2 protein chains.
Amino acid sequence: MDDACTVNLTVRYLTKKWMLLIILELYKGSAHTRRFSDLRDSLDGITPKVLSERLKELEEEGILTRNVDATAFPVRAEYTLTASGLEIVDVIREIKRWALKWKIENIPCGKQDCKVCVL
Amino acid sequence: MDDACTVNLTVRYLTKKWMLLIILELYKGSAHTRRFSDLRDSLDGITPKVLSERLKELEEEGILTRNVDATAFPVRAEYTLTASGLEIVDVIREIKRWALKWKIENIPCGKQDCKVCVL
DNA sequence: TTGACCGTGCACGCATCATCCATGGTATAC
DNA sequence: GTATACCATGGATGATGCGTGCACGGTCAA
């Protein structure tokens with residue numbers, strides 16, 4: 001295993017805590033866009049600090065773009081999945097497919113990560 | 001996001017450090033089987049302690065089976081992917097496909113995680 | 001004026017992981 | 001027979017990642 005190989009590196013940051021769940025939340029937003037506080041409220045248990053860090057890392061990797069509307073009331077920061085970010089959802093879909101097949105205790109709950117969710 | 005949902009839980013342990021890379025190494029072994037010291041040597045940077053912990057977690061999740069040959073010289077512990085474990089490789093394949101498409105600096109290196117690898 | 005919301009970033013404490021070492025049993029080297 | 005190396009595992013101690021709590025500056029509503 002070569003530390004410089006792209007897939008190895010990709011696994012290392014894509015599997016950082018909250019990464020995939022953040023991408024999934026962005027995917028669920030209209031136009032694949034969500035605001036900071038919206039993400040914070042949707043991802044139960046995430047802290048603003050880590051969310052801020054992760055969004056910055058994802059922007060640096062070209063997985064999302066950050067748009068700040070400074071003219072607005074409280075400043076709005078909006079995050080949108082790029083074309084490459086959209087395709088990471090395929091990875092999450094594969095995880096869901098696996099979980100539904102092998103984790104039979106799964107039940108539909110009407111939320112993002114269940115049988116009836118958008119994936 | 002419901003903490004009890006299977007996909008959510010699945011993401012949380014599948015994205016723990018070393019998890020996917022361990023599964024990939026097992027997949028590469030003949031009969032999808034590898035010994036402890038073999039895994040330790042292949043996964044550059046992993047510590048024996050964490051490897052031992054991860055293998056235990058993966059066994060508890062039914063992703064691999066553990067076979068100990070106590071009659072052998074130094075005791076051999078062999079780990080083999082189960083049917084469900086084999087299908088997790090599809091997730092890794094999806095990550096590789098994404099990386100090859102969007103991370104153009106990737107180069108073939110003849111090792112597991114490059115264009116010419118087994119995935 | 002007061003308070004609430006927004007997105008960030010700091011200081012601090014805990015949980016996870018790395019580093020180093022120890023174990024018991026058996027093979028080979030000398 | 002003594003020494004040394006390998007094997008898989010687990011404990012003790014540091015380093016790093018992440019959670020907790022708090023504060024900021026700016027603008028709105030009450």
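All values reported here derive from a predicted model rather than from experimental measurement. Proteins get letters first, then strands, A, B, ... in listed order; numbering begins at 1 in each.
- One atom, CG of B/N67, and another, C1' of D/dC7, lie 16 Å apart when rounded to the nearest Å.
- Taking atom CG on B/D44 and atom P on C/dT19, their separation rounds to 11 Å, with Å as the unit.
- Considering only side-chain atoms of A/A77, the nucleotide from D/dG10, C/dT8, D/dC18 that sits closest is C/dT8.
- Among the protein residues, A/T47 comes within range of the nucleic acid bases, having at least one heavy atom under 4.0 Å from a base atom.
- Aromatic ring orientation, A/Y27 versus A/H32: parallel (interplanar angle below 30°, classes split at 30° and 60°).
- Remark on DNA chain D: of its neighbouring residues B/R76 and A/V50, the 5'-side contact belongs to B/R76, judged by nearest-heavy-atom nucleotide.
- Between B/R66 and the phosphate of D/dT9, there is a side-chain N or O to OP1/OP2 separation shorter than 4.0 Å.
- The CD-P distance, from B/E53 to D/dA8, rounds to 17 Å in whole Å.
- Phosphate contact (OP1/OP2 of D/dG19, side-chain N/O of A/W18, threshold under 4.0 Å): present.
- A/D69 has its CG atom 12 Å from the C1' atom of C/dC6, to the nearest Å.
- Within the structure, a side-chain polar atom (N or O) of B/K17 is placed less than 4.0 Å from OP1 or OP2 of C/dA18.
- At a threshold of 4.0 angstrom between heavy atoms, the contacts of A/K49 include nucleobase atoms, whether or not backbone atoms are also involved.
- We find that CZ of B/R40 is positioned 15 Å from C1' of D/dG10, with the value rounded to whole Å.
- For the pair A/R54 and D/dC18, the criterion of a side-chain N or O lying under 4.0 Å from OP1 or OP2 is met.
- Cation-pi check for A/R93 over A/W98 is not met; the charged atom does not lie both under 6.0 angstrom from the ring centroid and within 45 degrees of its normal.
- Counting distance only, with no hydrogens placed and no angle test, the side-chain atoms of A/K16 and the base atoms of D/dG17 include no donor-acceptor pair under 3.5 Å.
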- A/E78/A/R66 under salt bridge (Lys or Arg N to Asp or Glu O under 4.0 Å): CA gap, chis, key distance, verdict: CA-CA 6 Å; A/E78 290 192 334; A/R66 179 171 178 272; over 6 Å; no

- Kindly indicate, with the supporting measurements, whether the criterion salt bridge (Lys or Arg N to Asp or Glu O under 4.0 Å) is fulfilled by B/K56 and B/E59. CA-CA 5 Å; B/K56 197 172 183 180; B/E59 187 187 13; over 6 Å; no

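- At whole-Å resolution of the value, CG in A/L55 and P in C/dC6 are 15 Å apart.
- For B/P48, taking side-chain heavy atoms from C-beta onward, the closest of the listed nucleotides D/dG19, C/dC17, D/dT9 is D/dT9.
- Map A/K56 and A/V75 each onto its nearest nucleotide of DNA chain C; the residue landing nearer the 5' end is A/V75.
- Rounding to whole angstrom units, CD1 of residue B/I22 and C1' of C/dC17 are separated by 13 Å.
- Under a cutoff of 6.0 Å and an axis angle of 45°, B/R97 and B/W102 do not form a cation-pi pair.
- The separation between A/D41 atom CG and C/dG7 atom P is 9 Å, rounded to whole Å.
- Taking 4.0 angstrom as the limit, B/S37 places a side-chain polar atom (N or O) nearer than this to OP1 or OP2 of D/dA8.
- Residue A/R35 places at least one side-chain N or O closer than 4.0 Å to OP1 or OP2 of C/dG7.
- Ion pairing between a basic and an acidic side chain is recognised when a charged N comes within 4.0 Å of a carboxylate O; A/E25 and A/R34 show such pairing.
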